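Before any comments, here is the structure.
Quick note: numbers below take in every heavy atom, side chains included, and nothing from hydrogens, waters or symmetry partners. None of the values given here were measured: they were computed from a predicted structure. Every chain is numbered from 1 and lettered A, B, ... according to where its sequence line falls, protein lines coming before strand lines.
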There are 2 protein chains.
Amino acid sequence: MAYRQTDKVAARLAETRAAILAAARGLVAEGGFAAVQMSEIAKQAGVATGTLYRYFSSKEALCRELFREVSAREMGMLATIASSHEPASERLVKVLRTFAGRAVKGRRLAYALLAEPVDVNLAEERAFFRRTHAEIFASILEDGIENGEIPNIDVRIAAACIAGAIPTALIGPLAPQSHELDSNPDRVVEEIVKFCLAGVGITLAAGQEQNRERRTVA
Amino acid sequence: MAYRQTDKVAARLAETRAAILAAARGLVAEGGFAAVQMSEIAKQAGVATGTLYRYFSSKEALCRELFREVSAREMGMLATIASSHEPASERLVKVLRTFAGRAVKGRRLAYALLAEPVDVNLAEERAFFRRTHAEIFASILEDGIENGEIPNIDVRIAAACIAGAIPTALIGPLAPQSHELDSNPDRVVEEIVKFCLAGVGITLAAGQEQNRERRTVA
DNA sequence: GCACACCCTGAACCATGGTTCACTTCTTCA
DNA sequence: TGAAGAAGTGAACCATGGTTCAGGGTGTGC
């Protein structure tokens with residue numbers, strides 16, 4: 001036995017790996033996946049191009065992992081809210097607000113995750129990401145229908161509509177101007193959430209609305 | 001004056017040009033813009049690669065023109081409906097049904113126009129296309145609000161929601177399985193339209209619903 | 001400190017696919 | 001019919017950017 005990786009080395013490798021992913025994440029946040037080049041990642045991470053291939057078998061693999069890492073956090077947040085024990089309509093409102101709110105705050109990243117033109121392999125990851133969203137929405141809708149909070153609609157279709165409406169209205173060419181989103185993000189988010197809720201037959205109660213107003217002013 | 005283009009030649013050139021665009025359209029309809037290669041277009045059109053460059057300055061120019069040609073037809077149909085003199089809610093229903101219905105029928109093409117990953121220059125064309133949709137929706141909504149058919153909402157945001165919901169729910173990873181769309185396209189379309197109408201505060205009247213039922217059975 | 005395995009390097013390599021261009025073929029018209 | 005200009009050809013060219021690999025450096029265990 002002439003060589004065995006020590007903890008110190010393992011830690012250093014993990015660090016390098018993290019640095020590579022961090023560099024890639026930075027590039028994505030700046031210019032989307034389109035701006036990600038292996039040579040540039042390497043430069044930003046402070047390693048040589050070839051080194052990347054000691055950690056990831058290909059650019060595709062690297063991008064996939066990055067995509068998963070970033071999207072998993074988002075999905076986790078939504079899933080947590082969705083699995084709480086509140087009434088379905090409450091959960092739906094929270095999930096929609098969270099989804100939309102986070103998309104506004106991290107628009108660049110949200111664009112990369114949701115809307116940016118990417119190639120097929122990443123499109124697969126994205127499809128999973130979006131499908132998960134839709135499933136989260138659908139599960140809440142089902143609960144709501146079961147206990148009569150929501151009228152009997154096709155949950156899969158409604159969920160897909162929501163999953164399409166929110167990103168489209170917030171990012172990309174149909175989104176409001178950036179300065180509007182920056183100056184008054186809550187108003188836009190609320191308007192979109194209102195549309196989606198109305199789409200599934202829910203009208204915001206007065207209390208929820210007021211709550212919103214207060215937040216907006218604050 | 002040794003050479004002047006005759007009508008016959010002009011006609012032939014126009015024909016070749018059309019053949020090139022038709023070949024490209026065929027490729028797009030089959031495999032999206034990603035499947036479009038200059039050499040393949042040339043082969044399908046029965047000309048040499050170099051010839052393409054006598055008609056279009058670049059691949060980008062060719063694809064742009066193709067995109068415009070195809071999308072102009074779609075936008076024209078919607079615009080015609082939108083500018084009729086019926087009540088706003090009627091027009092909205094018709095526009096949504098047309099938009100969704102056509103997308104289902106020509107799913108492959110709709111995918112290419114609306115959802116397929118494409119590169120930046122084409123994304124520009126697509127942005128125009130989608131913005132036009134949203135404007136059509138918005139103008140109808142405005143009319144509806146003005147004469148009290150529709151509650152007072154932010155029309156731009158609602159329009160963007162609609163423009164996002166319909167394609168997402170019909171094509172791409174969140175769409176129903178293809179066989180479901182083929183066996184019962186009207187049901188899916190109606191469900192989506194219902195969501196969008198509810199989103200802007202319209203409930204389908206009984207007569208309109210019945211109308212739908214009849215069409216579905218026929 | 002020696003041998004061995006592992007890690008890092010970055011310039012060279014290669015695949016892809018759009019674009020060019022020297023050449024051939026076709027049209028026009030005197 | 002033949003000279004001039006337009007249209008067509010397709011193999012060669014080239015830019016881009018992911019991937020490889022031979023060689024040098026670093027850790028490990030004896």
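In this structure a side-chain-to-backbone donor-acceptor pair under 3.5 Å is present from B/Glu116 to B/Ala34.
Listed by residue number, A/Val47, A/Ala48, A/Thr49, A/Gly50, A/Thr51, A/Arg54, A/Tyr55 are the residues of residues 44-59 of chain A with a heavy-atom contact under 4.0 Å to DNA chain C.
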What pairs of donor and acceptor atoms, side-chain ones from residues 158-183 of chain A against any protein atom, are under 3.5 angstrom apart with sequence neighbours left out?
residue  : atom : partner  : partner atom : Å
A/Thr168 : OG1  : A/Gly164 : O            : 2.6
A/Ser178 : OG   : A/Arg107 : NH1          : 2.5
A/Glu180 : OE2  : A/Arg187 : NH1          : 3.3
A/Asp182 : OD1  : A/Arg107 : NH2          : 2.6
A/Ser183 : OG   : A/His179 : O            : 3.1
A/Ser183 : OG   : A/Glu180 : O            : 3.2

Could you pull out all donor-acceptor pairs under 3.5 Å where a side-chain atom in residues 36-52 of chain A meets a protein atom, sequence neighbours excluded?
residue : atom : partner : partner atom : Å
A/Glu40 : OE2  : A/Gln44 : NE2          : 3.1
A/Thr51 : OG1  : A/Ala48 : O            : 3.4

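Ring-plane geometry between B/Phe195 and A/Phe195 is classed as perpendicular, the angle between the planes exceeding 60 degrees on a 0 to 90 degree scale with a lower cut at 30.
We find that CD of B/Glu60 is positioned 15 Å from C1' of C/dG17, with the value rounded to whole Å. Here C/dT16 presents its P atom at 10 Å from CD of B/Gln37, a figure rounded to the nearest Å. Distance B/Phe33 CZ to C/dG18 C1': 17 Å, rounded to the nearest Å. Atom CZ of A/Arg17 is separated from atom C1' of C/dC8 by 17 Å (rounded to the nearest Å). Rounded to an integer number of Å, the gap from CG of B/Leu13 to C1' of C/dT28 is 14 Å. Atom P of nucleotide C/dG17 and atom CD1 of B/Ile41 are separated by 13 Å, given to the nearest angstrom.
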> Given A/Asp186 and A/Asn184, is the side chain to side chain donor-acceptor pair (under 3.5 Å) satisfied, shown in steps?
Replying inline: CA-CA 6 Å; A/Asp186 287 355; A/Asn184 207 347; over 6 Å; no
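Listed nucleotides: C/dC8, D/dG18, C/dT19. Nearest to the side chain of A/Met38: D/dG18.
Between B/Arg91 and B/Glu86 there is no salt bridge, since no side-chain N of the basic residue sits under 4.0 Å from a carboxylate O of the acidic one.
Using a 4.0 Å cut-off, some side-chain N or O of B/Arg12 falls inside it from OP1 or OP2 of D/dG8.
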